[in-house]
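This structure is a prediction, so every number in the text was calculated from the model and none was measured. Chain naming here is simple, since letters A, B, ... match the order of the sequence lines and numbering starts at 1 in each.
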There are 4 protein chains.
Amino acid sequence: MEEIQTSTVRGRGRPRSDESQRAILDATRALLEERGLADLTIEDVAQRAGVGKTTIYRRWPTKGTLAFEAFAADFLSRQPLPDTGSLRGDFYAALMSWIRAVKGTSTGRTLVGLIAEVQRDLELADIWKEKFVKPVRAQHHLMIERAVERGEVDETIDTDIIVDLLFAPAYHRLLQTHLTMNTRFAHALVDAVLNGVSSRGAER
Amino acid sequence: MEEIQTSTVRGRGRPRSDESQRAILDATRALLEERGLADLTIEDVAQRAGVGKTTIYRRWPTKGTLAFEAFAADFLSRQPLPDTGSLRGDFYAALMSWIRAVKGTSTGRTLVGLIAEVQRDLELADIWKEKFVKPVRAQHHLMIERAVERGEVDETIDTDIIVDLLFAPAYHRLLQTHLTMNTRFAHALVDAVLNGVSSRGAER
Amino acid sequence: MEEIQTSTVRGRGRPRSDESQRAILDATRALLEERGLADLTIEDVAQRAGVGKTTIYRRWPTKGTLAFEAFAADFLSRQPLPDTGSLRGDFYAALMSWIRAVKGTSTGRTLVGLIAEVQRDLELADIWKEKFVKPVRAQHHLMIERAVERGEVDETIDTDIIVDLLFAPAYHRLLQTHLTMNTRFAHALVDAVLNGVSSRGAER
Amino acid sequence: MEEIQTSTVRGRGRPRSDESQRAILDATRALLEERGLADLTIEDVAQRAGVGKTTIYRRWPTKGTLAFEAFAADFLSRQPLPDTGSLRGDFYAALMSWIRAVKGTSTGRTLVGLIAEVQRDLELADIWKEKFVKPVRAQHHLMIERAVERGEVDETIDTDIIVDLLFAPAYHRLLQTHLTMNTRFAHALVDAVLNGVSSRGAER
DNA sequence: GCGTAACCGAGACGGTACGTCCCGTCTTGAT
DNA sequence: ATCAAGACGGGACGTACCGTCTCGGTTACGC
């Protein structure tokens, strides 16, 4: 009979406790909800989880990486790749499910906090790009590739620019809080991205 | 003839020292350059400026508000409103002078740090919106209004969306560092904003 | 005709304000009552008296000297030289009026605070010895001199020792708070000072 | 057989470091010698001892309690209970060893500083009475009890008064610095305590 | 009656120490 | 080898007062 085995070799001594792992992530989520990433301390997480600080540091080097893990799975699972048959439909659906996930939610506040934290934590920055930015953008690229296949978009287009055009304004409003995000915003944004802003309708 | 008078009366005691004010802002700029906002300490600023900590706290409630003041004047003065005669030209010029100001510069690092700080300092958030976001966007709106007058853009368009479309991708790349910013990026972005991304050439 | 003249020449310029002087001493007394000498600050006195800090520093170099002046006149006026006709009576009367002045009173707490302050303020120490210890002891010496004249005490005796014997235990209990002071204590102390503690009744 | 166990359980985490404890007390003693209790800073002690401030605060709530511990053991060990066979001899010996310990010494300055500090620190006041006044007085009471057994002193006498009579004048002179302490003072004081000051020699 | 000098209240100044918070590491005995 | 507990050295925080200085303004004297 084969022993089930995690990817890292079993090693000697006492194995790491799954229970502690869970308790830490739960405590992190609770504290993130209560006071946000900026006011989160490892000390508080340890106390709330009933765990020694070393047990946390053994697994996550900084509070950013810990918060990221508590945040990522939840968030990503709520951003399914839409498939409505048109680029306009896909864009609108993706944008709205993003807005729903972050607007006025603790998830949104944590997202904001993580983006802030990424700027001061190099270790976290790597994880962020690899485990968050990259997979999310990969999904968005898929939407565009399907549109290219359908002939909705020229195949010569710079797809990175398109992804930025759609989501950067959303992130911008989330961070700068200068303007709200609602269905009106989503529609206007999708329209502008697809059609551009110059009034060339007539002469074409 | 009545003397015009500022709203606050002269105030009685010893007036605040302009020299200290200057020394504090200079020290802040120097330290911002040396180690960035995240590692900036009020204590260090005070010591470098040859000033008591209270003299700083008397003027700025948090290190964010202090850093903002040290940053804003410089930055804003380097973002002149372009007037090239076309929207495409104005957009490109504005984008490029922004990129030049922030890419690989201490100013850029400070801008990033401030956006991060804004997320954790309510007092700073207000100042940020009032003294930074609002005046910068006012300039950008001007560019578009001139384009509307020239007939380059429909007057029905949502100008807030346009401003976001142009600059949000730039801020996005600055913060997420997932892609670089260069002239190629600027051209592609301006094109996309003006023309949209859908291949409507044929059917129109 | 001689002009009556305070020791310091009148000088030019605006004379010091008696009203401020009074306000400062009153505020000092009030704050001494409220929170004691240890927690008294010049800043608080100035604010309470409606006076600038410099106005205080111009008159008193330290909070000890200020507190002393607020304390001394009051206290000394309540320590009249008794004259009962016997040393025992005088001792008892002097002791009891001292106990009444300090036991459980704000005056007593201030006296204690001043003795503590004298240990850390050289300027105050000089004033204390000159303006407090010396005049008080002079009075006590008088009591003893009268007793010598009456033949109650040998003229060879060291009167400094006697003064200490009577009052040092009282100060000691005030400062160490190890034992209370009451009429029983006063009687026992006076008896012991006059008769000594050795049981010499038999052999004499 | 049951294991005898101290009242407090062993405690779980890392035990407090004896080495730090020692370093702190040594640094305190050195600084007390250099500049006295009034100018002693917890910050300086921490730096001199190579220790964090919290390590000090964890053990002693105030600088008074810290200084007391640095002072007490040393001082008390130098005040042995004399046993010369007579009360006069014991009194004189006890008084002189006290004078030798405090007159012109850093120990004496610290004693003075502590008595001042006791007046402003309630926590310290309790410790002072329990760990200093009480044991010292217990010793002195012993001297008197032995004298009672030898018949030198009436058993009806108030021994608290006697202890005060002997030592209060010494403390008084230490604090008021109005008069010096020397062998002449010690002899005169012991004489006066034993014989009283009234000239009853004749009529007895 | 004008100038000047010392005073006044207010409050900012450079500075020191406070006592607290949290960091990331370490040292226990116990799994 | 890992666990919970909790002490460790360290760095910065924001506050409280210190004693001094700098304003505009007041009050008296001596010319």
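Each of B/R16 and D/D44 has a nearest nucleotide on DNA chain E; the 5'-most of these lies closest to B/R16. Two residues, C/Y57 and B/Y57, neighbour DNA chain F, and the one matched to the more 5' nucleotide by heavy-atom proximity is B/Y57. Summary of the strand contacts: C/V51 and D/K63 both lie near DNA chain E, and taking for each the nucleotide with the nearest heavy atom, the more 5' one is attributed to C/V51. For C/T54 and D/S20, each mapped to the nucleotide of DNA chain F holding its nearest heavy atom, the one lying further toward the 5' end belongs to D/S20.
Defined by atom type and a distance below 3.5 Å, a donor-acceptor pair is missing between the side-chain atoms of B/Q21 and B/R16.
Of the candidates F/dG9, E/dA10, E/dG14, E/dA10 carries the atom nearest the B/R12 side chain, counting heavy atoms from C-beta on. Side-chain proximity of B/I42 to F/dG14, F/dC17, F/dG9: nearest is F/dG14. Counting only heavy atoms from C-beta on, B/E43 has its side chain closest to F/dG14 among F/dG14, E/dG9, E/dC13.
One finds no side-chain N or O of D/T55 lying less than 4.0 angstrom from the OP1 or OP2 phosphate oxygen of F/dA7.
With hydrogens and angles ignored, the 3.5 Å screen pairs no side-chain donor or acceptor of C/E69 with any backbone N or O of C/T65.
Note: NZ (B/K53) to P (E/dC13) measures 16 Å, nearest angstrom.
A tilted orientation is assigned to the rings of A/F71 and A/F132, their planes being inclined by 30° to 60°.
In this model, a side-chain donor or acceptor of D/R14 finds a partner on the base of E/dC26 within 3.5 Å.
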